[in-house]
Amino acid sequence: MQRMFELASGHIPYVIERSARRRSIGLKIDATGLTIILPQRAPLAEAERVIRLKLNWIQAKLAEREVRPPAPAASLHWGAAVWWLGEQRSLQSALRGKLTDEALLLCAASEAHIPEALARFYQRAARPYFAERVAIWSERLNLHPTQLALSSARTRWGSCTSQGVVRLNWRLMQAPPSVIDYVVIHELAHLAEMNHSARFWAIVAAACPQWKTERAWLKQHGAALLTW
């Protein structure tokens with residue numbers, strides 16, 4: 001059961017799990033985020049009570065996950081295949097960054113500098129691409145963010161604050177356009193519903209009927225897109 005804990009500065013998504021074996025409430029923070037484990041008969045309100053009680057610890061642990069250094073990108077080398085809008089391109093050395101039908105040309109001093117150069121390439125492309133998709137879907141949904149920003153989060157594809165700030169992970173430039181649109185729609189829907197209620201998913205489904213397929217793609221490929 002996925003829920004939201006509302007804060008003055010935004011929200012914390014969390015998942016509730018039930019356990020017949022537990023007598024006390026458990027908290028778990030891993031790559032998927034925050035999980036509250038409730039005893040079988042505990043009321044749902046207990047989850048928010050524990051979050052309020054442990055809020056400083058939870059926020060610190062979640063922040064720690066966001067700034068954790070990326071894993072070594074040993075697989076990124078000249079000739080390696082990388083994703084660009086859902087299609088593979090071969091990494092090739094060049095004097096400036098450029099995209100062709102078969103290759104992603106990158107300017108990097110050595111193979112050790114490829115991850116940094118590749119990140120800059122994706123970020124430059126992400127700003128106008130995301131702005132265009134958000135503008136299109138904002139008009140269709142009549143849901144308009146106050147600001148659009150890039151995110152470098154290591155575990156989340158997007159976020160939306162109660163102030164209307166939408167953040168999209170620049171690594172989404174590796175995903176197919178339909179997947180990016182799903183994430184855009186997902187975050188814009190939070191401007192109407194700051195939760196994952198039935199009303200929220202109804203907004204998403206109306207704009208993106210195949211949202212489960214797009215989400216499944218992210219679950220299958222997401223780790224590979226986030227770890228370099």
Side-chain angles (χ1 to χ4, degrees), residues 1-18 28 30-38 40 42-52 58 62 85-86 126 129-151 153 155-223 225-226:
M1 184 185 302
Q2 194 163 33
R3 301 169 71 90
M4 289 284 186
F5 183 81
E6 301 297 335
L7 298 168
S9 57
H11 61 271
I12 297 176
Y14 66 98
V15 172
I16 289 180
E17 291 182 0
R18 291 283 187 179
K28 179 176 68 175
D30 56 20
T32 64
L34 172 63
T35 300
I36 308 295
I37 307 167
L38 295 178
Q40 198 66 40
L44 292 177
E46 284 294 285
E48 292 213 354
R49 183 186 68 80
V50 170
I51 293 175
R52 283 192 292 270
I58 290 170
L62 291 174
L85 295 179
Y129 187 90
F130 291 167
E132 179 185 13
R133 303 315 299 168
V134 168
I136 289 171
W137 285 109
S138 292
E139 289 300 319
R140 292 179 183 178
L141 296 170
N142 195 25
L143 296 170
H144 301 274
T146 58
Q147 181 184 345
L148 172 64
L150 293 187
S151 165
T155 57
R156 298 175 66 183
W157 296 112
S159 65
C160 177
T161 72
S162 55
Q163 288 75 38
V165 179
V166 167
R167 291 183 174 85
L168 298 172
N169 198 316
W170 55 264
R171 293 171 184 270
L172 278 169
M173 290 302 294
Q174 301 170 93
S178 60
V179 171
I180 298 175
D181 276 3
Y182 157 66
V183 177
V184 169
I185 292 165
H186 184 115
E187 300 310 330
L188 290 177
H190 280 309
L191 295 173
E193 296 288 338
M194 290 294 289
N195 50 56
H196 286 106
S197 63
R199 290 190 300 272
F200 168 84
W201 287 114
I203 295 171
V204 174
C208 183
Q210 77 284 6
W211 67 268
K212 290 184 180 179
T213 300
E214 313 302 354
R215 186 175 67 171
W217 192 97
L218 280 175
K219 287 185 176 182
Q220 180 180 354
H221 301 285
L225 307 188
L226 288 166

**Study point:** Within-4.5 Å side-chain heavy-atom neighbours: Lys212 and Trp217
**Key:** no
Point to revise | Thr146 side chain to Gln163 backbone, donor-acceptor under 3.5 Å | key: yes
Check your understanding: Between Trp211 and Tyr182, what is the ring plane arrangement, given parallel below 30°, perpendicular above 60°, and tilted in between?
Key -> parallel
Revision key, fill the gap. Applied to residues 189-208, the salt bridge (Lys or Arg N to Asp or Glu O under 4.0 Å) test, sequence neighbours excluded, yields Glu193-Arg199
Review point. Between the main-chain N or O of Ala42 and the side-chain N or O of Arg18, is there a donor-acceptor pair closer than 3.5 Å?
Key: yes
Check your understanding: For Ile51 and Leu34, what are the C-alpha separation, side-chain angles and deciding distance, and is it a side chain to side chain contact (heavy atoms under 4.5 Å, CB included)?
Key -> CA-CA 10 Å; Ile51 293 175; Leu34 172 63; 4.2 Å; yes
Check your understanding: Are side-chain heavy atoms of Leu225 and Leu172 found at a separation under 4.5 Å?
Key -> no
Point to revise | side-chain contact (heavy atoms from CB on, under 4.5 Å) partner of Arg3, the single match among Ile12, Ile36, Ile16 | key: Ile16
Exercise for review: Decide side chain to side chain contact (heavy atoms under 4.5 Å, CB included) for Arg52 and Phe5; before the verdict, give the C-alpha distance in whole Å, the side-chain angles of both, and the deciding distance to 0.1 Å.
Suggested key: CA-CA 9 Å; Arg52 283 192 292 270; Phe5 183 81; 3.4 Å; yes
Practice item. Could you give me the CA-CA distance, side-chain angles and deciding distance for Thr35 and Glu17, then say whether side-chain hydrogen bond (donor to acceptor under 3.5 Å, both in side chains) is met? Key: CA-CA 7 Å; Thr35 300; Glu17 291 182 0; 4.7 Å; no
Point to revise | Flag, side chain of Asn169 to backbone of Arg156, donor-acceptor distance under 3.5 Å | key: yes
Exercise for review: Determine yes or no for a side-chain-to-main-chain donor-acceptor pair under 3.5 angstrom, with Ser151 supplying the side chain and Leu168 the backbone.
Suggested key: no
Review point. Are side-chain heavy atoms of Val183 and Leu218 found at a separation under 4.5 Å?
Key: yes
Practice item. Check whether any side-chain heavy atom of Ile180 sits under 4.5 Å from a side-chain heavy atom of Leu85, and report yes or no. Key: yes
Exercise for review: Quick one: list whatever passes salt bridge (charged side-chain N to carboxylate O under 4.0 Å, His left out) with Arg167, sequence neighbours left out.
Suggested key: none
Practice item. With sequence neighbours excluded, tell me which residues meet side chain to side chain contact (heavy atoms under 4.5 Å, CB included) with Ala207. Key: Trp137, Leu141, Ile185
Review point. Between Asn195 (side chain) and Met4 (backbone), is there a donor-acceptor pair under 3.5 Å?
Key: no
Review point. Taking C-beta and beyond as the side chain, do Glu6 and Glu48 meet within less than 4.5 Å on heavy atoms?
Key: no
